[in-house]
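The analysis underlying the following values was restricted to heavy atoms, covering all of them including side chains, and did not include hydrogens, waters or symmetry mates. Chain A is the first sequence line, chain B the second, and so forth, proteins listed ahead of strands; every chain is numbered from 1.
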Number of protein chains: 2
Amino acid sequence: MDAEAIKRSLEGSGLRCTPQRYAVMAFLMENNSHPTAAEIFEAVNQVDPRSSRATTYNNLRDLVKAGLVREVAVEGRAARFDAKGMRHHHFICDRCGNVEDIEWYDVPRPASGSLDKRILRECEVIFRGLCAKCAPRHASR
Amino acid sequence: MDAEAIKRSLEGSGLRCTPQRYAVMAFLMENNSHPTAAEIFEAVNQVDPRSSRATTYNNLRDLVKAGLVREVAVEGRAARFDAKGMRHHHFICDRCGNVEDIEWYDVPRPASGSLDKRILRECEVIFRGLCAKCAPRHASR
DNA sequence: ATATAACATTAGATATAGTCTAAATTACTT
DNA sequence: AAGTAATTTAGACTATATCTAATGTTATAT
């Protein structure tokens, strides 16, 4: 987690390295837990208590737009974010909504005709089921 | 679009076949356009103007829980729904957020160790890029 | 047929997630 | 050091979805 590396990757994307933006990026790189925006805001505020909710959202949006961070939408819950380090797929728990990494592997593209006039950018796989925490006790919701 | 077939599939899932619930299910089966809850509510209300927003949400939730309908979360936008007829994957447009079907094909599971204590239920592929409508004009957002 | 219990619907209030505004501040460039 | 464009901020606002509790409906048992 080299501070200079983070700074360089922000600047490489044309983003200024502000303390707030740096904090968001650093938190995501040290944390492969796929936090929500609210969780990131809270964590970042424990270090520097002067940062606003709007800024966290702004920065997450900028980072996603710059391709440094990935956003994962989860049905009926807040979106989750992760630093785009090593490529990986995702596992989303049906019960608790947590997002976990699944080792990357290449997925075959569909029959070429199927994508016709669309421009394909990426292709992700989402596995669903119960995470290790939720699996033992199928009970309650 | 056999009315009886819809009735039977609802009852087969232990759901009563109420006019409102039937309308939602029928609309989704006649429509592979992946509408949002708001669009479904509006469409259903044009047929029978007496149905409420809450009921539409309730029924969508019940149908998803029963496994008759699939919910697709889209980053920064309302969720979209489709009847689980033929299996298919999804294409989500980066620009307009529309969801389209991609012909189904089987995706290889990851290395077995990778899923360890989790219980895998399903595995979906999401393609991303620009849809046919948005592709020509990369411009604006 | 009727009672009854379980299920479903409703309007509107509420909750949650995220965006916008406009003024003040800050990081980078020269 | 100064200029300038990007960034931050608080709080209002919007969008999406859920909850509540009263009312209505349907299926089942009698």
According to a strict under-4.0 Å criterion, is [X] in side-chain N/O contact with OP1 or OP2 of [N]?
X	N	answer
B:S52	C:dT9	no
B:Q20	C:dT10	yes
B:N59	C:dT9	yes

Whole angstrom is fine here: how far is it from [atom1] in [X] over to [atom2] in [N]?
X	N	atom1	atom2	value
A:R50	C:dT26	CZ	P	10 Å
A:Y22	C:dC28	OH	P	13 Å
A:E75	C:dA17	CD	P	15 Å
A:L15	C:dC28	CG	P	11 Å
A:R21	C:dC28	CZ	C1'	13 Å
A:E42	C:dA17	CD	C1'	15 Å
A:R8	C:dA27	CZ	P	20 Å
A:D62	D:dA5	CG	P	18 Å

Is the side chain of [X] donor-acceptor paired with the backbone N or O of [Y] at a distance under 3.5 Å, no angle test?
X	Y	answer
A:R77	A:C96	yes
A:R21	A:R16	yes
B:R87	B:D106	no
A:R80	A:H34	yes

Item to check | Reported SG-to-CD1 distance for the pair A:C123 and B:I126, which is rounded to 0.5 angstrom | outcome: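 It is 10.0 Å, given to the nearest 0.5 Å.
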
Checklist entry - Can you tell me how far the OG atom of A:S9 sits from the CG atom of A:L68, to the nearest 0.5 Å? => result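 Result: 5.0 Å between the selected atoms.
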
Polar atom pairs between nucleotides 23-29 of chain D and protein, under 3.5 Å, N or O only, would you list them?
{"from": "D:dT26", "atom 1": "O2", "to": "B:R16", "atom 2": "NH2", "distance (Å)": "3.4"}

Item to check | Per A:R61 side chain, nearest of listed nucleotides C:dT9, D:dT18, C:dC20 | outcome: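 Of the options given, the side chain of A:R61 lies nearest C:dC20.
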
Checklist entry - In terms of heavy-atom contacts, does NZ of A:K84 have more than 12 from other residues, nucleotides or ligands at under 6.0 Å? => result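 For A:K84, atom NZ is crowded (more than 12 foreign heavy atoms under 6.0 Å).
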
Checklist entry - Is atom CD of A:E11 surrounded by more than 12 heavy atoms (other residues, nucleotides or ligands) closer than 6.0 Å? => result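 Counting neighbours around CD of A:E11, more than 12 heavy atoms of other residues, nucleotides or ligands fall under 6.0 Å, so yes.
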
Next on the checklist: Can you confirm if the NZ or CZ of B:R118 lies within 45° of the ring axis of A:F127 and under 6.0 Å from the centre of its six-membered ring?
Outcome noted: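 No; the conditions do not both hold, so B:R118 does not lie above the ring face of A:F127.
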
Pairs under 3.5 Å (N/O, protein and nucleotides 11-17 of chain D):
{"from": "D:dA17", "atom 1": "OP1", "to": "B:A79", "atom 2": "N", "distance (Å)": "3.1"}
{"from": "D:dA17", "atom 1": "OP2", "to": "B:Y57", "atom 2": "OH", "distance (Å)": "3.1"}
{"from": "D:dA17", "atom 1": "N7", "to": "B:R53", "atom 2": "NH1", "distance (Å)": "3.2"}
{"from": "D:dA17", "atom 1": "N6", "to": "B:R53", "atom 2": "NH2", "distance (Å)": "3.2"}

Next on the checklist: So if I apply the side-chain contact (heavy atoms from CB on, under 4.5 Å) rule between B:L60 and each of B:T55, B:T36, B:V24, which one comes out positive?
Outcome noted: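 Going through the options one by one, the only one that passes is B:V24.
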
Item to check | Side chain to side chain, B:E4 and B:R8, heavy atoms closer than 4.5 Å | outcome: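 In contact.
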
Checklist entry - Do the charged groups of A:E100 and A:K133 touch, with an N to O distance under 4.0 Å? => result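 Salt bridge between A:E100 and A:K133, a charged N being under 4.0 Å from a carboxylate O: no.
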
Checklist entry - Considering the terminal five base pairs at each end of the helix from C:dA1-D:dT30 to C:dT30-D:dA1, what angle separates the two local helix axes, rounded to 10°? => result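 Result, rounded to 10 degrees: 40°.
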
